[in-house]
Amino acid sequence: MPSRRSFLLASGGAGLLPAAAAVNAPAAHGAGAFSLDGPWRFRLDAEIKWREVSVPHTWQTSATTAEYFGVAWYEREFTAPVEWKDSAVRVEFDAVFHSASVTVNDRPAGEHLRKGYTAFTIDATPHLKWGAINRIRVRVNNDFDEHMLPRGKSSDWTHDGGIYRPVRLLVTPKLFVERIEIDALPNLSTKTAEVRVRAVVRNLGTQAAEGSLDLRIVEEGTDRPVVQKDGSARYNVPGGQSAVIALAAVQVENARLWHFDHPNLYRACVRASSGHAYEDTFGIRSLETRDGAFFLNGEKIRPMGVERMAGSNPEFGMAEPSSWIEHDHDDMRNLNCVYTRVHWPQDRRVLDYCDRNGVFMQTEVPTWGPGTFKGMKTEPDRDILDNGLEQLREMIARDRNHPCLFSWGVCNEIGGQNPPAYSFAKTMYAEAKRLDPLRLVTYASHSLKKDPGKDVSGLMDYVMCNEYYESWSPGTPQDLARNLDEIHQAFPGKAIVISEYGWCACTADRPEGDASRARVLREHDAVFRERPWVAGLIFFCYNDYRTHVGDKGTGVMKQRVHGVVDLYGARKPSYEALRSESSPVDSLRAKGRPAKLSVALTTRATVPAYILRGYTLRAVAYGFGEIPIERLSAALPEMKPGQTAQHEFQFHEAGILRIQLDVLRPDGQSVSTEQWKF
């Protein structure tokens, strides 16, 4: 899976894999990103002897340390070539759970405390020995902490400790572009887009640096240039400081819009006079909510999907390889997932996948549970609020350019009518809108059953409701219907998303029974579909998930049984029920014989509902021995929700015993499958 960022002008490309390996030096004042993944030494705090592990790594997947929460240590060496002496050398950690203190050659280089899901960078330059071996050491702590989010043991997921996401060594000039912020605003009537770029320019030198920034934008995949603007802005940055530089706005002609069925991407590159260049991918799209609905690029959508709990495969834990990230998300797309949410900031590889494959996502600050505000009166404790704001700012700073990000989530199930929780969510909402005014912001509420109008949901851009009637909560589908009507009456102009629903076999009175999971899915969907202001659905969840409060299994297998696949990804019968319920196709029927087979396809009029554009109807004929012997296909017309299209296939092969019909998305992914036997 390619990284969406690049640090340009890198030399040769030798990585830093052996413990004390030299690295090909970049050209003078060039830049390079060199992996620090692979062999590190590791030990728990009370141990003396080091052992070798491979980073990304978590100790929670080892049987002997699965229940260990506390301090552990990592270290490795690398050689810094003399050619780097006039460069800035930084170490970038995609995430460490949850606190990291870093030394370089036994000298403190920086720390990142109580923020386990966001990226951070340490400046190693002042501590390096040029042309010699250098040692980096990281003290990691994953103990439950009452002064951070998630607070203490309030959350219901795995708290895997370690350097569990990738690590890189960044070599740049002293004046470099640290990141770029991109807003791409389409004009739907002219088919153009205005692109505004801001560059965060940092100067690690001792003297002020001035120069200019150039901007280049190309189509991702084709590299076709669409914008080239030299001298787009000037900078003058004092030594040891950073500045945010707004580049001149540019216009993209014939803009290719991002859509979950058509995930078109662009790549912007900002180059500084120092010789450093930074690039990032982005998409051009508009997403708004009005009149109780969502509109993507001006078209009404009612999306549906399923949530995945990362870190649940016992072989990997939170230190997931790219192959497993792709496995799970490929499987979610097979489930017709175009809209999901997560409870904490994600690995950048997850967001890259969603950008490129068309999956909308809400990513969240890891604020889970009413216990977050236990013991507080009218306002949240300052340490909790500050920690939430820091995590929000770091999440938005790193991820704001991803077109897959549907909205920012500021918290989950906090008790949104409790005064300190209400104040917390209000403050977080305001900060998110300040940092990223164009993106939607909300929170997932479980406190809308009584007096919903008093909930902080009313301040959000749209309402997210977690409902577990028949599972975590007593009641029936009729109680659900009544409650939904009350929520709509409380917030008549707001879109309402069911952000969690499903069946958890998590108590003695609810033993595992996958038939119950499929039944709840279907019966609750029927309630949602009767209400046009239910704008989206997210089933919980894709997988059974590892969690420190799990009621099944022990050690690395401690889990909640809540998914349509198990910890290893094996599909349960409810998997096919979810795939069918999440399809934008309501029915797919055939009649006749192979020589004249008439097929009628009807799209859903209600959630999930959106325009089908660029879809294909495929028919594959099978003969004796289940051998596929003939394939026919037809391009479908553009289909709005609730429309029907018909097509006639004429097969010529003899001995056809069955025909499999599939409706395919533009990328060939099937959204609906039916069998017609003879």
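We number each residue from 1, following the sequence as shown. All figures in this text were calculated on a predicted structure; none of them were measured in a lab.
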*Can the ring centroids of Phe360 and His259 be said to lie less than 6.0 angstrom from one another?*
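Between His259 and Phe360, which both carry aromatic rings, the centre distance is not below 6.0 Å.
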*Can the ring centres of His524 and Tyr469 be said to be less than 6.0 Å apart?*
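No: the rings miss the under 6.0 Å criterion.
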Is it the case that [X] and [Y] place a side-chain donor and acceptor less than 3.5 Å from each other?
X: Asp455; Y: Tyr422; result: no
X: Thr363; Y: Gln346; result: no
X: Gln669; Y: Asn334; result: yes
X: Glu648; Y: Gln646; result: no

*Which residues satisfy the ring pair (Phe, Tyr, Trp, His ring centres under 6.0 Å) test with Phe144, sequence neighbours excluded?*
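Checked Phe144 against ring pair (Phe, Tyr, Trp, His ring centres under 6.0 Å); matches are Phe69, His159, His548.
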By side-chain hydrogen bond (donor to acceptor under 3.5 Å, both in side chains) - contacts of [X] (at least two apart):
X: Asn412; result: Arg341, Asn466
X: Asp436; result: Arg400, Trp408, Arg439
X: Ser574; result: Asp514
X: Tyr429; result: Asp461

*asked:* I'd like to know if the side chain of Glu467 reaches the main chain of Lys449, judged simply by a donor and an acceptor atom lying under 3.5 Å from each other, with no hydrogens or angles considered.
replied: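 No; zero donor-acceptor contacts below 3.5 Å.
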*asked:* Check whether Thr603 reaches the backbone of Gly642 with its side chain - one donor and one acceptor, N or O, closer than 3.5 Å.
replied: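 Yes; at least one donor-acceptor contact below 3.5 Å.
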*Under 6.0 Å from the NZ atom of Lys153, do we count more than 12 heavy atoms belonging to anything else shown?*
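It does not: Lys153 NZ has 12 such atoms or fewer within range.
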*Given Gln60, which of Arg546, Lys558, Met318 fulfils the side-chain contact (heavy atoms from CB on, under 4.5 Å) condition?*
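Per the side-chain contact (heavy atoms from CB on, under 4.5 Å) rule, the option paired with Gln60 is Arg546, out of Arg546, Lys558, Met318.
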*Heavy-atom pair with the smallest gap, counting every atom of Pro608 and Met304*: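 Nearest pair, atom of Pro608 first, then Met304: CB-CB, 3.6 Å.
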*Keeping to residues at least two apart or across chains, list the salt bridge (charged side-chain N to carboxylate O under 4.0 Å, His left out) pairs with something in residues 416-429.*
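Found none.
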*Hey, mind stepping through Glu431 and Lys433 against salt bridge (Lys or Arg N to Asp or Glu O under 4.0 Å) and telling me if it holds?*
CA-CA 5 Å; Glu431 181 66 0; Lys433 297 302 281 189; over 6 Å; no
